[in-house]
A.B. asks: 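I have a structure I would like to understand better, so I am pasting it below and will then ask my questions one at a time.
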Amino acid sequence: MDREGLRAEYAACLRAAAERRFGAARAQDLAQTIEDAAGWLTEIASFPLGTEELPAFYLEAEP
Amino acid sequence: MSLHTLDAIDAARAIREKVLSPVDLIEALLERIERIDGRIQAWALVDREGARRAARQAADEAARGTFRGVLHGVPFGAKDIFYSAGLRTEAGSKTMAGFVPDYDATSVARLKAAGAILLGKLHTTEFATTDPAPTRNPWNLVCTPGGSSSGSAAAVAARMVPLAFGTQTIGSNVRPASYCGLVGLKPTFGRISTRGVIPLSYTQDHVGLIARCVEDIALALSVAAGRDPGDASSSRVPVGDYVAALTRRRAPRVGLLREFFERATPEVTDVTGQAINRLARGGADIEEAKLPPTFRAVAAAAYVITRSETASVHAERFALKADLYRPGIRSSIEMGMVIPGDFYVRALRIRRLRRAADADHADPGARGHGDGRRELPAPVVDLGAAIDHRAVRPDEFGFAAGGPAHQRPVHRGAAALGGGVVRGYPRPRVGAEPLA
């Protein structure tokens, strides 16, 4: 899927989630925010991350 | 010289040499606040009696030759998301109305322990996000001071206090420092403890400093920085002598990001070019630089992380008081509630890769980016533009990965801020005074 298609799909998903959680009227209020967030999700999804990556989310404290 | 124009380092020196009384300094600043803050609205709360009491004590101690530390008798302000024992801390939000913490944020406590005097609390956008503070830019009252550390920058610029704490999650310390013609520093993540600072984004919040000269930033950083057992994310890296480091001169390497000038006004392009030329004549090594291809993804990751963590920070309060939140922060929280978790984790991974890449290229003290400063001048009166995403700077996002960001003024623009080049480099000794 091209980036614009991806962005539209993410916007639809976010809109549906917002409608479920906050109601249709509030989701409509959030239209611009949803468009912004869909753009961020597209950037993040398009970023190549290695499948072998092992992120160091846990760091042990120094003794 | 009028006492209210003293920078922190000069005031500290004068107090130590017993040629300045902390009482006289506090009174001069309180008089200044009384005279002009009605127009600027930088202060959410001025602790007149507490500051006077502390100044009298500092003066008595100085008379006996006792000095608590390098900031003995020097006033400072703190953004109204910093806990301050016995003083209202409301974060610019109705949801926090009347809240009075019973302890000081570690950063505030450290400055007090070094002898500094908390003059009061400074207006912030609501919870340090987008809903504006009432504060105006002292250089031109129809302009925003920028945000979210709006009051911190405006108060320092207006000579109501020499030094203030701000915070930065994405751009909230360097942005208002830029709009108000000040020096701003967002240090490396963890350099200054965030304990007692109302969070916005647990993994991206930084305590920052705003002052009128680099020396004041160095002095305050040397006091505020350091490991805090109360903040697990605070750094164990030893605190350096940042003031002494200023005297160890070596030619800096400066990366020039020309692509950001494409959106700059001609005036900004011109004065930034002049600054770059002055740096080059002074021996700086100027190099053309390009933003990494990952820049847009890192920026997107910073927003997704912030929204997701803001939703978590506010979950309980929002469930009870959603209607008391203003529109910007409310939308941010709600969006954070519906962003999928796998994207939050992916954003963390992207930020981690960027942080590792920054570390690979780090050359502390010798590297900087000359960008278009503000691509836009401070927006005119729409205070809703306190955080103007059209005016994104690379350091706001590029260093959202935890690296330091530093703002230094080179110019006061004609278009939005009243005209005339009044700021020098590196330390403007002579300059116009707003609302003199």
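Heavy atoms only: backbone and side chains are in, while hydrogens, waters and symmetry mates are out. Throughout, a chain's letter reflects where its sequence line sits, starting with A, and its residues are numbered from 1.
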A.B. asks: Output the option from B:Val304, B:Val345, B:Ile350 having the highest count of non-hydrogen pairs under 4.5 Å with chain A.
C.D. replies: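 The answer is B:Ile350.
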A.B. asks: If we only count heavy atoms from C-beta on, is the A:Leu49 to B:Leu353 side-chain gap below 4.5 Å?
C.D. replies: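 Touching, per the 4.5 Å side-chain cut-off.
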A.B. asks: Roughly how far apart are A:Glu43 CD and B:Tyr303 OH, rounded to 0.5 Å?
C.D. replies: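 It comes to 12.5 Å.
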A.B. asks: B:Glu316: which residues meet the side-chain hydrogen bond (donor to acceptor under 3.5 Å, both in side chains) condition with it, sequence neighbours left out?
C.D. replies: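 Listed in chain order: nothing, the list is empty.
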A.B. asks: Taking B:Glu334, B:Arg352, B:Met335 one by one, which has the highest count of heavy-atom pairs under 4.5 Å against chain A?
C.D. replies: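 The answer is B:Glu334.
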A.B. asks: Can you list the residues that meet the ring-ring contact (aromatic ring centres under 6.0 Å, His included) rule with B:Phe189, with sequence neighbours excluded?
C.D. replies: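 So B:Phe189 forms a ring-ring contact (aromatic ring centres under 6.0 Å, His included) with B:His206.
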A.B. asks: Taking heavy atoms only and a threshold strictly under 4.5 Å, list by residue number the residues of residues 320-332 of chain B that touch chain A; give 'none' if the list is empty.
C.D. replies: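 Result: B:Arg330, B:Ser331.
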A.B. asks: Are any of the side-chain heavy atoms of B:Phe343 and A:Trp40 separated by less than 4.5 Å?
C.D. replies: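 Not in contact.
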A.B. asks: Picking from A:Ala37, A:Ala45, A:Gly39, A:Ser46, which has the most non-hydrogen pairs under 4.5 angstrom with chain B?
C.D. replies: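 Result: the option with the highest number of such pairs is A:Ala45.
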A.B. asks: Counting a contact as any heavy-atom pair under 4.5 Å apart, which residues of residues 16-25 of chain A contact chain B?
C.D. replies: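 Answer by number: A:Ala17, A:Ala18, A:Arg21, A:Phe22.
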A.B. asks: Taking atom CZ of B:Arg296 as the centre, report whether more than 12 heavy atoms of other residues, nucleotides or ligands fall under 6.0 Å from it.
C.D. replies: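 No.
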A.B. asks: Quick one: does B:Arg346's side chain have a donor or acceptor within less than 3.5 Å of a partner on A:Ile44's backbone?
C.D. replies: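 Looks like yes, one N/O pair under 3.5 Å.
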